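Computed from a predicted model, the values in this text were never measured in an experiment. The figures that follow rest on heavy atoms only: side chains count, while hydrogens, waters and symmetry mates do not. Residue numbers start from 1 in every chain, and the chains themselves are labelled A, B, ... in the order their sequence lines are given, proteins ahead of strands.
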Number of protein chains: 2
Amino acid sequence: MSNKTIGIKDVAQAAGVSVTTVSHVLNDVAYARISPETRDKVRSVAEQLGYGPNRLAQALRTQRTGMLGLVSEEIATTPHAGRIILGADEAAKARGYNLMIINTPGSASLESRQADVQALLERRVDGILYATMYHRNVELPANLGSVPSVLVDSVATGGNITAVIPDEEGGARAAVGALLDAGHTRVGFINNTDDVPATHQRLAAFRAVLTEAGLDGGSAPVESEVSEVHGGYEAARRILAREDRPTGLFCYNDRMAMGAYRAAAELGLSIPDDLSVVGFDDQELIAANLYPGLTTVALPHYEMGAWATEHLIDAIEGKADLASMALQPTILGCPLVSRESIAAPR
Amino acid sequence: MSNKTIGIKDVAQAAGVSVTTVSHVLNDVAYARISPETRDKVRSVAEQLGYGPNRLAQALRTQRTGMLGLVSEEIATTPHAGRIILGADEAAKARGYNLMIINTPGSASLESRQADVQALLERRVDGILYATMYHRNVELPANLGSVPSVLVDSVATGGNITAVIPDEEGGARAAVGALLDAGHTRVGFINNTDDVPATHQRLAAFRAVLTEAGLDGGSAPVESEVSEVHGGYEAARRILAREDRPTGLFCYNDRMAMGAYRAAAELGLSIPDDLSVVGFDDQELIAANLYPGLTTVALPHYEMGAWATEHLIDAIEGKADLASMALQPTILGCPLVSRESIAAPR
DNA sequence: GGTCTTGTTGCTCATCTGTCTCCCACGTCC
DNA sequence: GGACGTGGGAGACAGATGAGCAACAAGACC
């Protein structure tokens, strides 16, 4: 503790050269002509002294901090945010950047969000990742535009900012397709009631896939409830009470599927023998731990975080142009994760 | 985009004073003698120009960054890390600090952890929070000592670093106590097989509480398995097959309790009428969504994150002495969260 | 009443933080 | 006398900080 930090000038003094030379050597400056002996000397002295650069001073001079700001909604509420952070952190670390994280309540006012971005700006982050807790349209703080930025899991109301979102339709198609592939012809959908893109897109995909398979997608049974376990339970009770009871159930998310499991159990229906179920989200804690394991569709949170970070850094380093990518959001696939909840109908 | 950022000198010029004066005004320097008129002038010009300080330059000069480093294990694997981050972020923001986060795999080598800390040090963070994914003994990177630091959810093998951990014993006592209060006399414990403090402390508390209540704590049934859903299922099958079948079950964590629910269902035992269950962890996704809702004990992750941050900042600002707190870890309570899984025995 | 001293007010100058980078200097060898 | 090989000096980045200076007022003294 407390032996004051040593800087480039301490190294210079100890090595008997100028600070300029030390800087040249340590940064492998292209045009610097310095003898191999001097280079070795400088390097070894630096290591001996345990020299580490002061990134603040570097950043001040070079106008590059190597820091990315990540403003994330509701870090704690959902494990999804964790996966985005992880994807972003690993991608950032791989390219020598670090993450500065700011949490913001989903309910935060625009001014409050703007203040968050401002804090990041004052620290001169090289770019900003703006992550929301679920796929929707968000209104962005105006000052976001003053530095390269990428939206994760949302599209901006105004458009024209690079964004990456999950392939809701493809995911839903994969889920329903898995049911059809197993031979089901009576398939129902337990939907969410929120007015978010996922609700509409998954429903549309559900109907489309059935129709394309020669079934009557238009009149296939759909029940909507709040997207929680109890909502899934209620909706499943209703849908399973129909005369033409479905043998396959596509659930809006894994929590609703969990509710469907209970409804099935109460009705004496065995999964997957009497009823096949497929969810959405791949919330490990639920999907892998239900019995039988829930076949579901994974949201690419990790991948979105990594993609956004990669492209943000490309833009910062001038290797890519965000503006051209901003024309439409990038869509990342939602792969099917097979477990044991789907079987052929009896 | 691109109107170059304005600095203190732009403000000075626009206000017709020196940069020194601007700095004095904006920082409310105590000994600075500046007329109220000038102060107002400077402030209004600064606001008009949308001036924001360059925290890098400030930090370089003052040797204070206002940044806290948080190295966290396995951000994604568990929602617990999210709660620690949230607690830390809110506490930090309240005092004007920001968080710089680095994720590290739980399996990372000591050198790799040291490199993570080094990265934080190079950015001159004012202090470091070192969070682990569950309560255990960790070996810390040596360079952690070069800046004020606090351990979250762990104690160091070497001791002498301030740490904050959950009250395992108190939590276990509350859980078992809830069962006894409901009138149960035959109570079993489904334990974890990992050799971590929680395993031993919860077991000890379990036996102690029973004994203190006049029951035979020493011979109360205990079954151990891996701390996952299927382990909980296996252990519950065994414990519920006993002749003196327990009417109350204390489970090592909520996942194991989830397995116990299934075991009970298969045996035709209704919760809570035939069997009362209490878990540990309060993993919302599980505890609140099981049917009936699982009564459990909450781990104070948010509180630990906030506590650690508060005290770290106190130490940084010279308002507290970490060394004196390092003598023994601070213990934070684990409150009981009541839901519907406990009833009086038949 | 004039000048000198001392104090106060209001603000600026010079210097510092640690690093990078452009440009120049010095010696040597063809 | 250039070209080459080696290396150093002096800002600049954006702001913080304490000493110092000018202007003026009030007393003090003869």
Side-chain angles (χ1 to χ4, degrees), chain A residues 3-43 45-46 49-67 96 118 121-126, chain B residues 3-43 45-46 49-67 96 118 121-126:
Chain A
N3 54 329
K4 80 175 204 311
T5 56
I6 60 112
I8 203 176
K9 72 164 65 91
D10 300 299
V11 176
Q13 194 166 8
V17 297
S18 71
V19 297
T20 304
T21 302
V22 176
S23 176
H24 284 337
V25 171
L26 263 24
N27 293 307
D28 277 320
V29 173
Y31 60 80
R33 300 179 314 250
I34 297 173
S35 71
E37 295 78 42
T38 307
R39 287 178 189 277
D40 286 352
K41 175 77 178 167
V42 170
R43 291 219 177 78
V45 168
L49 264 48
Y51 168 77
N54 182 329
R55 304 277 248 124
L56 294 177
Q58 272 185 173
L60 184 61
R61 182 64 232 262
T62 62
Q63 306 288 359
R64 276 293 176 71
T65 53
M67 296 200 309
Q118 177 67 20
L121 259 21
E122 288 182 359
R123 292 197 183 279
R124 298 297 189 270
V125 294
D126 293 335
Chain B
N3 56 329
K4 78 173 207 312
T5 55
I6 60 112
I8 201 175
K9 71 165 65 91
D10 301 298
V11 176
Q13 194 166 6
V17 297
S18 71
V19 298
T20 304
T21 302
V22 176
S23 175
H24 284 337
V25 172
L26 264 23
N27 294 308
D28 277 320
V29 173
Y31 59 79
R33 299 178 310 249
I34 298 173
S35 70
E37 296 78 41
T38 306
R39 288 179 188 277
D40 287 351
K41 175 79 179 167
V42 170
R43 290 219 178 77
V45 168
L49 264 47
Y51 169 77
N54 182 329
R55 302 278 247 126
L56 294 177
Q58 269 186 177
L60 183 62
R61 184 66 230 264
T62 61
Q63 306 288 359
R64 275 292 176 73
T65 53
M67 296 199 308
Q118 178 66 22
L121 258 22
E122 288 182 359
R123 293 200 182 278
R124 298 297 188 270
V125 294
D126 294 335

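Checking the phosphate oxygens (OP1, OP2) of D/dG5, no side-chain nitrogen or oxygen of A/S35 falls inside 4.0 Å. Of the side-chain N and O atoms in B/Q58, one or more sit less than 4.0 angstrom from OP1 or OP2 of D/dA16. Residue B/N54 places none of its side-chain N or O atoms closer than 4.0 Å to OP1 or OP2 of D/dC13. Dashed line: the shortest gap from a side-chain N or O of A/Y31 to OP1 or OP2 of C/dT21 is not under 4.0 Å. For A/Q63 and D/dA14, the shortest distance from a side-chain N or O to OP1 or OP2 is below 4.0 Å.
For the pair B/E37 and B/A57, both in contact range of DNA chain C, the more 5′-proximal nearest nucleotide belongs to B/E37. In terms of position along DNA chain C, the nucleotide closest to B/R33 lies nearer the 5' end than the nucleotide closest to the other residue of the pair A/T62 and B/R33.
What separates CG of A/L60 from C1' of D/dA12 is a distance of 9 Å, to the nearest Å. Between the CZ atom of A/R55 and the P atom of C/dT19 there is a distance of 12 Å, given to the nearest Å. Across the protein-nucleic acid pair, B/I34 atom CD1 and D/dT17 atom P stand 13 Å apart, rounded to whole Å. For the pair B/Y51 OH and D/dG15 C1', the interatomic distance rounds to 7 Å; values are reported in whole Å. Across the protein-nucleic acid pair, B/R61 atom CZ and D/dC13 atom C1' stand 14 Å apart, rounded to whole Å. A straight line from CD of B/Q13 to C1' of C/dT12 spans 16 Å, rounded to a whole angstrom. To the nearest angstrom, P of C/dT19 lies 20 Å from CZ of A/R124. In this structure, B/I8 atom CD1 and C/dC13 atom C1' are separated by 15 Å, rounded to whole Å.
Between B/R43 and B/V25, some side-chain heavy-atom pair lies under the 4.5 Å cut-off.
Checking A/V11, A/I8, A/T38 one by one against A/T21, the side chain to side chain contact (heavy atoms under 4.5 Å, CB included) holds for a single residue, A/T38.
Once rounded to the nearest 0.5 Å, the distance linking CZ of A/R123 with CG of B/L56 reads 8.5 Å. Note that the OG1 atom of B/T65 and the CZ atom of B/R55 stand 8.0 Å from one another [nearest 0.5 Å]. The distance from the CD1 atom of B/I6 to the NZ atom of B/K9 is 11.0 Å, given to the nearest 0.5 Å. With values rounded to the nearest 0.5 angstrom, B/Q58 atom CD is found 8.5 Å from B/S23 atom OG.
Contact check of residues 14-25 of chain A against DNA chain C (heavy atom, cut-off under 4.0 Å) returns A/T20, A/S23, A/H24.
With distances taken from any side-chain atom of A/T38 to the nucleotides C/dC16, D/dG7, D/dC21, the minimum falls on D/dG7.
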Working for side chain to side chain contact (heavy atoms under 4.5 Å, CB included), residues A/N54 and B/E122: CA-CA 5 Å; A/N54 182 329; B/E122 288 182 359; over 6 Å; no
